[in-house]
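None of these values were measured; they are calculated from a predicted model.
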Amino acid sequence: QVQLVESGGGLVQPGGSLRLSCAASGSIFSINAMGWYRQAPGKQRELVATITSAGSTNYADSVKDRFTISRDNAKNTVYLQMNSLKPEETAVYYCKALIIRYGSKVYNDYWGQGTQVTVSS
């Protein structure tokens, strides 16, 4: 079994900051890329940022220079620091990880349950 558990969501005013965390646990042999996605009401889920095991990052254009993704490989945890948040970024934020389980030879995607981020005054 593999679990991804997000935390850190909540209500923040426009221009404010939040830091999301996502910890992977269970029968994990190796984690490759980890990332954050978001889904606003009535919209498709979209990529926010990804990070490889070596630390290479990729961001959606809309969040560059405001969001920072990082990870702690020893803790199997990925973070998303979000600054200068906008109301239109209200969404459920999900983490995803590409994981090889013990006893397996292939990577599979695993998703967290999501954490709500609401940007409102």
Side-chain angles (χ1 to χ4, degrees):
Q1 292 279 8
V2 171
Q3 275 192 315
L4 272 65
V5 179
E6 300 105 333
S7 61
L11 174 64
V12 63
Q13 291 188 340
S17 298
L18 279 177
R19 188 187 193 220
L20 306 182
S21 300
C22 173
S25 63
S27 182
I28 297 171
F29 176 73
S30 177
I31 302 179
N32 195 327
M34 303 182 82
W36 289 95
Y37 296 73
R38 65 189 179 192
Q39 187 167 18
K43 294 189 176 182
Q44 289 189 331
R45 193 172 297 188
E46 63 176 1
L47 180 147
V48 177
T50 61
I51 184 168
T52 68
S53 57
S56 295
T57 59
N58 179 55
Y59 295 92
D61 288 343
S62 61
V63 306
K64 283 180 181 177
D65 300 323
R66 296 187 298 117
F67 289 13
T68 302
I69 189 170
S70 61
R71 65 190 281 176
D72 184 332
N73 290 330
K75 295 181 179 180
N76 290 339
T77 299
V78 62
Y79 306 96
L80 185 68
Q81 177 66 43
M82 304 185 294
N83 299 328
S84 302
L85 281 159
K86 305 173 182 179
E88 55 266 36
E89 293 179 311
T90 294
V92 178
Y93 283 70
Y94 298 89
C95 72
K96 187 179 82 167
L98 193 58
I99 294 172
I100 289 182
R101 296 175 55 184
Y102 281 107
S104 175
K105 297 181 179 179
V106 296
Y107 282 103
N108 286 292
D109 280 332
Y110 291 86
W111 289 88
Q113 82 288 351
T115 186
Q116 177 70 45
V117 172
T118 302
V119 186
S120 175
S121 55

Does Glu88 have more than 12 heavy atoms from other residues, nucleotides or ligands lying within 6.0 Å of its CD?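 Counting neighbours around CD of Glu88, more than 12 heavy atoms of other residues, nucleotides or ligands fall under 6.0 Å, so yes.
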
Flag if over 12 foreign heavy atoms under 6.0 Å of CD, Glu46: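 For Glu46, atom CD is crowded (more than 12 foreign heavy atoms under 6.0 Å).
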
Determine yes or no for a side-chain-to-main-chain donor-acceptor pair under 3.5 angstrom, with [X] supplying the side chain and [Y] the backbone.
{"X": "Tyr59", "Y": "Asp65", "value": "no"}
{"X": "Thr90", "Y": "Val119", "value": "yes"}
{"X": "Gln113", "Y": "Val5", "value": "no"}
{"X": "Glu6", "Y": "Cys95", "value": "yes"}
{"X": "Asp109", "Y": "Lys96", "value": "no"}

Side chains of Leu11 and Ser120, heavy atoms from C-beta outward: is any pair under 4.5 Å?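 In contact.
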
Do Tyr110 and Asn108 come close enough that some side-chain heavy atom pair is under 4.5 Å?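 Tyr110 vs Asn108: side chains touch.
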
Could you state whether [X] and [Y] fall into the same hydrophobic cluster, counting links through intermediate Ile, Leu, Val, Met, Phe, Trp or Tyr residues with side-chain heavy atoms under 4.5 angstrom apart?
{"X": "Val48", "Y": "Leu85", "result": "yes"}
{"X": "Tyr79", "Y": "Ile51", "result": "no"}
{"X": "Phe67", "Y": "Val12", "result": "yes"}

In Å, rounded to the nearest 0.5 Å, how long is the span from [atom1] of [X] to [atom2] of [Y]?
{"X": "Leu80", "Y": "Arg19", "atom1": "CG", "atom2": "CZ", "result": "10.0 Å"}
{"X": "Thr52", "Y": "Arg71", "atom1": "OG1", "atom2": "CZ", "result": "7.0 Å"}
{"X": "Ile28", "Y": "Leu4", "atom1": "CD1", "atom2": "CG", "result": "7.0 Å"}
{"X": "Arg38", "Y": "Met82", "atom1": "CZ", "atom2": "CE", "result": "8.5 Å"}
{"X": "Ile100", "Y": "Ile31", "atom1": "CD1", "atom2": "CD1", "result": "11.0 Å"}
{"X": "Arg101", "Y": "Phe29", "atom1": "CZ", "atom2": "CZ", "result": "14.0 Å"}

Measure across [X] and [Y] and return the closest heavy-atom pair with its distance rounded to 0.1 Å.
{"X": "Leu47", "Y": "Asn58", "result": "CD2-ND2, 4.2 Å"}
{"X": "Gln116", "Y": "Ala91", "result": "NE2-O, 3.4 Å"}
{"X": "Gln81", "Y": "Ser17", "result": "NE2-CB, 3.9 Å"}
{"X": "Pro14", "Y": "Ser121", "result": "CD-N, 3.6 Å"}
{"X": "Val2", "Y": "Ser27", "result": "CG2-O, 4.2 Å"}

Result of checking Tyr93, Tyr94, Trp111 against Tyr37 for ring-ring contact (aromatic ring centres under 6.0 Å, His included):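 With Tyr37 as partner, Tyr93, Tyr94, Trp111 yield a single ring-ring contact (aromatic ring centres under 6.0 Å, His included), made by Trp111.
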
